[in-house]
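Hydrogens, waters and symmetry mates play no part in the numbers below; they use all other heavy atoms, side chains included. Proteins get letters first, then strands, A, B, ... in listed order; numbering begins at 1 in each.
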2 protein chains.
Amino acid sequence: MADVARVAGVSSATVSYVLSGKRPVAPETRAAVEAAIADLSFTINATARSLRTGRSSLVALIVPDIANPFFAQLAATLDEELRGLGLHVVVCNTRARRAEEQALLAEATQQRFAGVVITPFRLKPNDFEPIVGAGIPVVVSADVSFGPIDLVTPDAGNAIRRALEEVAAAGRRRIAMIAGPRDATGGDPRLEQLRALALQFGMSLPRELVVRGEHARQAGAAGFGELMSRRYRPDAIFCGNDVIAIGAMDKANELGVNIPADVALIGHDDASFASLVRPQLTTIRYPAAGVGRAAAQLLIERLNGRQVHKTVHIKAEFVARSSV
Amino acid sequence: MADVARVAGVSSATVSYVLSGKRPVAPETRAAVEAAIADLSFTINATARSLRTGRSSLVALIVPDIANPFFAQLAATLDEELRGLGLHVVVCNTRARRAEEQALLAEATQQRFAGVVITPFRLKPNDFEPIVGAGIPVVVSADVSFGPIDLVTPDAGNAIRRALEEVAAAGRRRIAMIAGPRDATGGDPRLEQLRALALQFGMSLPRELVVRGEHARQAGAAGFGELMSRRYRPDAIFCGNDVIAIGAMDKANELGVNIPADVALIGHDDASFASLVRPQLTTIRYPAAGVGRAAAQLLIERLNGRQVHKTVHIKAEFVARSSV
DNA sequence: GTGAAAGCGCTAACAG
DNA sequence: CTGTTAGCGCTTTCAC
């Protein structure tokens, strides 16, 4: 920048103002500066700018698995929403591991990121104290609250009710669930909610019909196999997410179990592949794009100075396809 | 850091050395510093460090569509490979638009990123001059070369030959392709290569059996519809990638065209959903994880000082499933 | 084993 | 409309 100033015969402040437009610059001066910039193929140093202004143009998106289409879509939407403000999305994979979640939060703090959007998996509310203390806006996308952190969370009651109606209408009574791991923070709200609502429908979700594993295809297959080996076999299985449901389908194929004739299968999220598999997956749609937009909105408001906590509920929706 | 130094009763240089371990520090001094750090919940400012050292810990991954499972997987792998070196991946979506590709390259330059991995779509080789001139290592993952830039590229000859064998064995002769857009850089090598090899098999790929569109599901559907409306109907359709192939399947369902009885369908990439759809998609597998590892490797070598250009070929592989 | 001090490249008062 | 200048917070010689 000093070089540019010299070549253009002006001060470096003027160069800065030409670049930022934060104060008027005479046309000839501006032209001279622009010529010098082109001549020297000068590129402003965003690092120096960030140090000086204390503002970064990077937002971290911290998720358990970027290869999961739900999170990939979330990343795409967030990017789309934030790009207009000159913000970029740094995607970080935690593989659902607590240590990596912590490390990434610390990293975001060190980098003085403009903000963080995170789907925590094994983090506890007080893990957020340092980053919040550092003044970095954080938005959590999760089923459970993390205290004072802005939250985007599903409102799935109706969708689950609709699913149960459908299941009941098909004459099914023996509900099971392939849920997430026991040590995920907040337990498994999807499980609790399903259990509560099932009771209202006169069905039960007994402990022995709940199996657990990671949110992975493999775990879905294992879970399904386990449930099929029970003396009391379920006739409808809810899954923690669609990836698990796909794994369950894998195993059903392998075992020659017919879906939905022998057992109904209900996913969660409506990931892009849910309508691709056969039978097409009946699922609780939780729209990644909607979540991304809400998270972006919340973040932007914080960036604009909002101080009070806010929660946004995103309505989930029952999508009837062929697996029930 | 100055605060920490004051509280610990040492100089800020010492604090820096405690943090970096770049020179020995007496145990008591170190303890005092660490206590002060904890007391003040001090977090090092990565921006200031970057400005001073001229090194960033961020690598940009610039792709046409992060929601495409191929690129999502690429992102995940790159992250995994680079994390050990303390590098983070900034995922940037170009939506295949030249203007966005250019803007993102410029942004990476301004941010003085440690490196860039990019799948260019409408960029020309000289678009890379500024960033390369700025000394930022760039790795391109593409079918065509971008001159002096390190390249990860498919070696798909055998896989395509195998596909053609299969098609020929099924008694099919009328090959078609749903290719990418005409204005993509380097034209469409997948098309050229298919055409050349088809000739060797005594089949032809006439111009009127090539339709074009974006690498999107919608475009695949449109392309399939167009091909089905031809007087000279194909009996085997190759697709530019799996997303296009899925779109073609959508349309086949809609039109009541049976795959593979009426027409065979061959995808490209083996994206995660290829084995999920019914019929399962026969495809040319181009392994995203392999590409990611190769790109990471190339980048790391550059970071370690390699100056000479390098190209890595990743073997593609024919995956026979049910759509042929 | 430790400290003093220069300076990375920029922005934003302040002054004219 | 433009210039001067003081740092932002760190790393790294150089000196002790």
Side-chain angles (χ1 to χ4, degrees), chain A residues 1-37 40-58 86 106-114 134-136, chain B residues 1-37 40-58 86 106-114 130 133-136:
Chain A
M1 197 143 156
D3 294 346
V4 173
R6 201 172 316 109
V7 171
V10 299
S11 77
S12 72
T14 299
V15 177
S16 173
Y17 286 117
V18 166
L19 255 23
S20 71
K22 286 192 181 174
R23 85 180 183 191
V25 175
E28 317 89 82
T29 315
R30 149 164 285 123
V33 169
E34 281 167 351
I37 288 178
L40 303 175
S41 25
F42 166 81
T43 311
I44 198 165
N45 186 323
T47 308
R49 169 183 286 174
S50 284
L51 176 57
R52 177 58 227 233
T53 62
R55 252 180 294 287
S56 154
S57 64
L58 298 169
E107 181 78 16
T109 310
Q110 291 182 189
Q111 301 272 358
R112 306 294 191 268
F113 278 169
I136 297 179
Chain B
M1 196 143 157
D3 294 347
V4 174
R6 200 172 315 110
V7 171
V10 300
S11 76
S12 71
T14 298
V15 177
S16 173
Y17 285 119
V18 166
L19 254 23
S20 71
K22 287 191 181 174
R23 85 179 183 193
V25 175
E28 318 87 83
T29 314
R30 146 164 288 120
V33 169
E34 281 166 350
I37 286 178
L40 304 174
S41 24
F42 166 81
T43 311
I44 198 163
N45 185 323
T47 307
R49 169 184 285 175
S50 283
L51 177 57
R52 177 58 227 233
T53 62
R55 252 180 294 286
S56 154
S57 64
L58 298 169
E107 181 78 16
T109 309
Q110 290 181 190
Q111 301 272 358
R112 304 296 190 267
F113 278 168
I136 297 179

Check: Does a side-chain N or O from B:S11 land closer than 4.0 Å to OP1 or OP2 of C:dT2, or not?
Finding: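 Negative; the distance criterion is not met.
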
Next item on the list: Give a yes/no on whether any side-chain N or O of A:K22 is located under 4.0 angstrom from OP1 or OP2 of C:dT11.
Entry: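 No.
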
Looking at [options], which one has an atom nearest to any side-chain atom of [X]?
X     : options                : answer
A:R52 : D:dA6, D:dT12, D:dC10  : D:dA6
A:T53 : D:dC10, C:dA12, C:dC10 : C:dA12
A:V25 : D:dC10, C:dT2, D:dT2   : D:dT2
A:M1  : D:dT11, C:dT11, C:dG3  : C:dT11
A:L51 : C:dT11, C:dG9, D:dT2   : C:dG9
B:P24 : D:dT12, C:dG1, D:dG9   : C:dG1
B:T14 : D:dT11, C:dA12, C:dG3  : C:dG3

Check: If we only count heavy atoms from C-beta on, is the B:I44 to B:F42 side-chain gap below 4.5 Å?
Finding: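 With C-beta onward as the side chain, the pair touches.
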
Note to self: Tell me if the side-chain of A:R23 makes a donor-acceptor pair with the base of D:dG3, cut-off 3.5 Å, by modelled atom types.
What the structure shows: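 Side chain to base: pair found, below 3.5 Å.
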
Note to self: Looking only at side-chain N and O atoms, does B:S57 offer a donor or acceptor that is under 3.5 Å from a partner on A:Q111?
What the structure shows: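 Their side chains do contain a donor-acceptor pair, which is all the 3.5 Å distance test asks for.
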
Next item on the list: Examine distances only and state if a side-chain atom of A:S16 and a backbone atom of A:S12 form a donor-acceptor pair shorter than 3.5 Å.
Entry: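 No, because the side chain of A:S16 does not come within donor-acceptor range (under 3.5 Å) of the backbone of A:S12.
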
Notebook entry, point to check: With sugar-phosphate meaning primed atoms plus P, OP1 and OP2, does B:A13 contact a base, only sugar-phosphate, or nothing at under 4.0 Å between heavy atoms?
Noted result: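 If one applies the 4.0 Å heavy-atom cut-off, B:A13 turns out to touch a base.
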
